[in-house]
Q: 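The structure under discussion is supplied below as structure tokens; questions concerning it will follow.
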Amino acid sequence: MAGNSQTDTAFATLAAPLVFKVLDASGHPAPNVSVLVGQQPCTIACLVGPIPAGQTEPLPSLTLTTDAQGRISVQLGFGPVAGAARLPISVPSLELTDTARFTVTPASAFELAVTPSDTAVYVGGHYTVQAAVRDRFGNPRPDPVSLQVATGTLISLDGQQQVTGLDFGRGRLTATAGGRSATASVSVVPRGTLANSAFGTQSRIDLMGLDGSSKRTLVPTGVLQGGAASWSPDGQTIVYQVALGAGSSRLRRIPAGGGTAAELVPAGAPFQECDDAQYSVDGAWVYFHAYTASVAGEIWRIHPDGTGLERVGPAGNPTTGDYHPTPSPDGTRVAYVSDRGHPGVLTLRVLTLSTGTEVDLAIRGTFPRWAPAGDWIALWKDKTIAIVHPDGSGLRQLSQPGVEYIPEGLTWSPDGAWVLGTEAGMQSLIRLADGLTLPLPFTNMYIYPAWHVP
């Protein structure tokens, strides 16, 4: 067999054809015999195949006929994947098989890639980074790469290419090779666990570390826009929304470690839908808003054992309502948004539970969340994240200018130092002290985050 054991680059046409002779059982040349060169199906990793006349790329297989001397001569080409390649040859009528072997090497340098290109790590946490020159098909080349830290106070890099988080911030690595350069980013983040709502055709509650580790699915929700989870203060239980059918949803509770979910709201409750549950800090209540066919939205609460269901605040009406309750840490008040009195315009309100006194702070926005220390309320406002004191003073934008957020979800860190908001493409942390923003690149397609620190 001539032309066997050739070496060339990915997607190259081999310099010499593959030539072989078919002999019959008596050792004589076998003319006009059909020969299958290649195989069907053939994975991309083994794609080395014949190139028919008039074609420029290899085919997985081709049936050829031996000439008068029993020979086959076929021009071969490689596929896009570097490595060992095999080309099976068979003569079905004579029950003959053989294999030609080749080596595919990477094509010329096309890009310099750093993996992961964006990630997150805890202070004191580690991950391994890889940098390589790749050809246009993604095959790594052996070119030497220099990898350096561009933000030395935030991350470090050792000789084994292990990155360590040193301090909160947005770290950056720079790779150079052969005149090319590339960068990779890493958010050095505080510790915690998120209960995040994945939305779409497989809506569910996923649990994950703020560094992207230990991700697991807790429970499906059947809610296209997520399940809006809330942690119990002890971290043992999660309450979330589940869809029961068209125009019907309920709240369920499930152990954070997994298990069987149970209905939170008893049968016969005077509403069809309920959403956006929030535990009180002492764990005595779960607040939520609810809808009926004739009520646009009301604030309710219930004990975690399913007892004590009661409406909090004014009764609703068909056209305007109250939404997204968040109880104060001391349990005396509840904040929410409402369009009562100004349909279509949601403003922040604070209700004192003991007196029923309600104050409209006249601040437009939605999805408020009370800070753990009780001194701030965060809310989504005009595509930004804002904070305001509970008396309506001190309103300011917390998120960076030019970064747009969506209203589907805010959560505070348990120590009150950070707010986690949802951008259009991912979620990000915002530090209360200075607005430092740390993207979480693994949170694409997640909304309604809830933060817990074990």
Q: Gln427 and side chain to side chain donor-acceptor pair (under 3.5 Å): which single residue from Thr411, Asn444, Asn196 fits?
A: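 One option only clears the test, and that one is Asn196.
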
Q: Only pairs at least two apart or in different chains count here, so list each side-chain hydrogen bond (donor to acceptor under 3.5 Å, both in side chains) that has a residue in residues 295-304.
A: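 Matches after skipping sequence neighbours: Tyr287-Arg301, Glu298-Trp300, Arg301-Glu310.
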
Q: Ion pair present between Arg369 and Asp276, side-chain N to carboxylate O less than 4.0 angstrom?
A: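 Result for this pair is yes, salt bridge flagged.
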
Q: Are a donor atom and an acceptor atom from the side chains of Asp360 and Thr347 found within less than 3.5 Å of each other?
A: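 A donor-acceptor contact under 3.5 Å links the two side chains.
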
Q: Rounded to the nearest 0.5 Å, what's the gap from CD1 on Ile155 to NE2 on His126? Could you check?
A: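 If I round to the nearest 0.5 Å, the distance is 13.0 Å.
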
Q: One thing to verify: whether Arg340 and Glu358 come together as a salt bridge, which I'm taking to mean a side-chain N less than 4.0 angstrom from a carboxylate O.
A: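 Salt bridge between Glu358 and Arg340, a charged N being under 4.0 Å from a carboxylate O: yes.
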
Q: Is there a side-chain contact between Arg431 and Leu398 in this structure, where contact means two heavy atoms from C-beta onward sitting under 4.5 Å apart?
A: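 Of all side-chain heavy-atom pairs linking Leu398 with Arg431, none is under 4.5 Å.
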
Q: Apply ring-ring contact (aromatic ring centres under 6.0 Å, His included) to the pair Phe11 and Phe137, showing each step before the final yes or no.
A: CA-CA 9 Å; Phe11 239 64; Phe137 308 110; 5.3 Å; yes

Q: Distance from Leu420 atom CG to Trp451 atom CH2, nearest 0.5 Å?
A: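 Spacing of CG (Leu420) from CH2 (Trp451) equals 6.5 Å.
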
Q: Checking ring pair (Phe, Tyr, Trp, His ring centres under 6.0 Å) against His452, which of Tyr279, Trp231, Trp412 comes through?
A: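 So the option named by the test is Trp231.
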
Q: Would a 4.5 Å heavy-atom cut-off, applied to side chains only, mark Leu194 and Tyr446 as touching?
A: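 They are not in contact (no side-chain heavy atoms under 4.5 Å apart), so the answer is no.
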
Q: Looking at Arg134 and Glu111, is any side-chain nitrogen of the basic one under 4.0 Å from a carboxylate oxygen of the acidic one?
A: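 Looking at Glu111 and Arg134, the cut-off is not met.
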
Q: Closer than 4.0 angstrom, basic N to acidic O: yes or no for Arg364 and Asp339?
A: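 Between Asp339 and Arg364 there is no salt bridge, as every charged N stays at least 4.0 Å from the carboxylate O atoms.
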
Q: Less than 4.5 Å apart, any side-chain heavy atom of Thr105 and any of Asp8?
A: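 Not in contact.
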
